[in-house]
Structure formats: C-alpha cells, structure tokens
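Down below is the structure, laid out as structure tokens.
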Amino acid sequence: MEMRKGDGAASAIALFLLGGVFFVTLNAIAKGLTPGLGPAMVIWGRFFFHVLLAAALFPMAVPRLFSMHQLGFQLGRSVLLMLSTVCNFLALAYLPLADVSAIVFTAPLMVAALAVLWLGERVSPARWAAIVAGLLGAVMVIRPGWGTVGPGALLAVGCALAYALYQVSTRIVREGDPIVSLLFSGMGGLLVFSVLAPFAWRPPSLGEWGLLVMLGGFGAVGHLLVILSLQRLEASRLAPFTYIQLVWAMAASFLVFGDVPSGWTLLGATVIVASGLYIWWLTVRERATETALSRS
C-alpha cells in the first residue's frame with residue numbers, strides 16, 4: 001500500500017476528488033433511503049457493509065485490529081465518526097443536502113479552534129478572525145430567514161462538531177497501517193447499530209438492499225481513496241480541494257431532489273469556503289516561514 005513520492009500531485013488530487021464524489025453520493029443515497037427504512041437501518045447498513053467490504057478486500061488487516069497500541073483511543077475515534085454519521089443522516093431528513101453540506105463544512109474551522117484547546121496549538125488573530133467569519137457563514141445557512149433554528153440545523157452542527165473531534169483525535173493517533181484505521185472507522189457504528197437496528201427493522205426490498213450495500217461500499221471506498229491520496233501528497237496541499245465537495249453536494253441536491261439552494265445558503269457557503277481557504281493559506285505561509293528559518 002505504500003506510494004512512491006514520484007507518483008505526482010495530479011494523481012493524488014484525482015483520488016481525493018473522486019473520494020469526495022463517493023461521499024456526496026453516499027449522502028444522497030442515505031437521504032433517499034431514510035424515509036422508507038428509517039435512520040437506524042440506514043446507519044447500520046452504512047457501517048455493516050463498510051466493514052464487510054474493507055475486511056473482504058484486506059483480510060490480512062483483520063487480525064491486527066486488536067493487537068495495536070491505543071486500542072481504546074481508536075475505538076473512541078470510531079464512536080466519534082459514528083456520532084457524526086448519525087447526526088448527518090438525521091439532519092438530511094430535515095434539510096436539503098446542500099444546506100446540510102454547507103453547515104458540515106464548518107468542521108475544518110472547528111478543527112482549527114479545537115486544536116488550541118486539545119493540542120495546545122497557537123492560533124494567530126488572523127486565524128481566529130477566519131474561524132469567526134466561517135461560523136458566521138454557517139449562521140447564514142442555518143437561519144436564512146433569521147427565524148428559529150430547527151432540529152436539522154442543530155443536527156448538522158452536531159455532525160460538524162463530532163467530525164472535527166474525530167479529525168483532531170486522528171492527529172494524536174500514531175498508527176502506521178491505514179487499512180487498520182479504515183476498518184476501525186466503521187467498527188463503532190457496526191457494534192452499536194447491530195444492536196439497535198433489529199428493534200427498528202423493516203424488510204428492505206431487493207433494490208433497497210442494493211442501495212444499502214452501495215451506502216457502505218461508497219463510504220469504505222471514499223475513505224480508502226482519501227487515504228491513498230494522503231500517501232501521495234501532503235494534507236495541506238489537498239485541503240483546498242475538500243470544498244469542491246460542497247459544489248457537488250449542491251448539484252446533487254438540485255438534480256436528485258429538486259432542491260434549489262437559497263440565497264442565504266449560497267452566501268453562507270461562500271463565506272465558509274473563503275474562510276477555510278484563508279486558514280489553509282495561513283497554514284502554508286506559516287510552514288514556509290518555519291522552513292526558511294530552520295535553513296537559515
């Protein structure tokens with residue numbers, strides 16, 4: 001699974017963008033399945049087929065699941081990803097795909113803020129200003145009419161927070177095998193919803209079974225593509241391309257569900273993306289300065 005440094009940035013970016021397509025498609029499938037099967041079964045399918053497919057593709061990684069350091073921490077990360085998925089799928093039952101995606105994309109801004117509290121990282125005033133601006137962009141999406149915040153918006157914020165915690169915890173874990181991490185990412189949801197799903201079981205049709213398999217498969221493949229891209233290129237250089245998922249989410253929301261993004265959604269999404277890109281630019285500039293100082 002090791003990638004050569006000379007493979008080039010273009011292939012890494014292509015893998016990363018393709019992974020984003022899988023994630024957006026996953027959300028669209030989940031939004032379509034939830035009214036008929038209910039959220040518990042949809043979430044179960046997401047994680048069951050994720051783990052099943054990953055284990056089938058990489059069986060040699062399965063025995064290493066419980067022979068690794070920081071086992072409890074890895075399980076904690078898996079639970080955070082499960083909570084993020086639960087909030088995401090429930091939010092999609094209330095809000096258009098584009099609105100949920102825009103709110104969830106505040107996660108990178110939350111990561112920047114949480115890194116101060118959890119990792120002890122220093123944040124400049126410019127970075128704080130970008131974080132605040134991005135969160136204001138989320139407010140534009142959450143309250144386009146400046147009315148009462150609904151459950152869908154709160155769930156989407158919960159999704160972003162859980163995913164931000166998942167990302168920050170990932171920085172702490174130092175495990176060398178990305179496939180083991182891929183398997184672990186689905187374990188928490190699999191264990192919890194294998195217990196809960198039977199109480200909300202509705203016999204799926206053949207087509208719904210197929211979509212449940214696709215749901216888990218797209219999640220596993222999407223995460224694998226991101227892992228492969230990060231083996232070829234630094235995360236800081238891939239970060240800006242994350243926001244292209246928001247464009248695809250808006251397109252899918254319109255083409256599949258007929259949801260036209262409101263003016264507030266578009267404005268808020270623009271502010272969120274601009275804030276995220278500015279934070280990325282600050283990070284690149286700071287690293288360049290540190291490199292220059294270390295060489296002088």
Side-chain angles (χ1 to χ4, degrees), residues 13-35 39 42 46 84-85 87-111 130 133-147 149-164 167 211 214-215 218-219 221-223 225-226 229 238-280:
I13 293 169
L15 290 168
F16 193 78
L17 292 176
L18 185 57
V21 173
F22 275 91
F23 291 140
V24 171
T25 307
L26 179 155
N27 283 336
I29 293 172
K31 184 174 178 64
L33 279 176
T34 300
V42 173
R46 157 70 180 91
S84 175
T85 302
C87 290
N88 183 33
F89 285 8
L90 291 177
L92 289 169
Y94 291 95
L95 293 176
L97 177 59
D99 288 44
V100 173
S101 298
I103 298 169
V104 169
F105 267 88
T106 60
L109 308 174
M110 294 182 184
V111 168
L135 296 180
L136 289 176
V139 171
M140 296 177 188
V141 179
I142 293 170
R143 305 179 65 182
W146 308 107
V149 177
L154 294 176
L155 286 164
V157 171
C159 170
L161 179 58
Y163 193 65
Q167 288 182 306
L211 289 173
M214 291 175 62
L215 192 68
F218 280 20
V221 173
H223 280 290
L225 289 172
V226 170
S229 67
L238 288 170
F241 298 97
T242 303
Y243 290 101
I244 296 178
Q245 291 183 39
L246 187 53
V247 177
W248 290 333
M250 289 184 175
S253 186
F254 174 72
L255 294 174
V256 178
F257 301 104
D259 297 323
V260 179
S262 67
W264 284 112
T265 296
L266 293 172
L267 179 60
T270 300
V271 173
I272 292 168
V273 171
S275 301
L277 291 176
Y278 181 60
I279 288 176
W280 165 78

Hey, could you give me the CE/CG distance between Met250 and Asp99, rounded to the nearest 0.5 Å?
7.5 Å
Are any of the side-chain heavy atoms of Phe23 and Val226 separated by less than 4.5 Å?
yes
Would you say the side-chain atoms of Ser253 pair up with the backbone N or O of Ala249, donor to acceptor, closer than 3.5 Å?
no
Is the shortest side-chain heavy-atom distance between Gln245 and Phe105 below 4.5 Å?
yes
Looking at side-chain heavy atoms only, is the closest gap between Val21 and Trp248 below 4.5 Å?
yes
Heavy-atom check, side chain of Arg46 versus side chain of Leu26, under 4.5 Å:
yes
To the nearest 0.5 Å, tell me how far Leu95 CG sits from Leu90 CG.
11.5 Å
Euclidean distance, Thr25 OG1 relative to Leu215 CG, rounded to 0.5 Å:
11.0 Å
Atom CG of Asn88 and atom NZ of Lys31: how far apart are they, to the nearest 0.5 Å?
10.5 Å
What distance do Ser101 atom OG and Ile272 atom CD1 have between them, rounded to the nearest 0.5 Å?
10.5 Å
In the structure I gave you, are the side-chain heavy atoms of Val273 and Leu246 within less than 4.5 Å of one another anywhere?
yes
Quick check for you: to the nearest 0.5 Å, what is the distance between Thr85 atom OG1 and Tyr163 atom OH?
9.0 Å
Check whether any side-chain heavy atom of Met214 lies under 4.5 Å from a side-chain heavy atom of Leu33, and answer yes or no.
no
Count the heavy atoms belonging to other residues, nucleotides or ligands that lie under 6.0 Å from OH of Tyr94, then report whether that count exceeds 12.
no
Within a strict 4.5 Å, meaning less than it, do heavy atoms of the Leu136 and Val271 side chains meet?
no
If we only count heavy atoms from C-beta on, is the Phe16 to Ile13 side-chain gap below 4.5 Å?
no
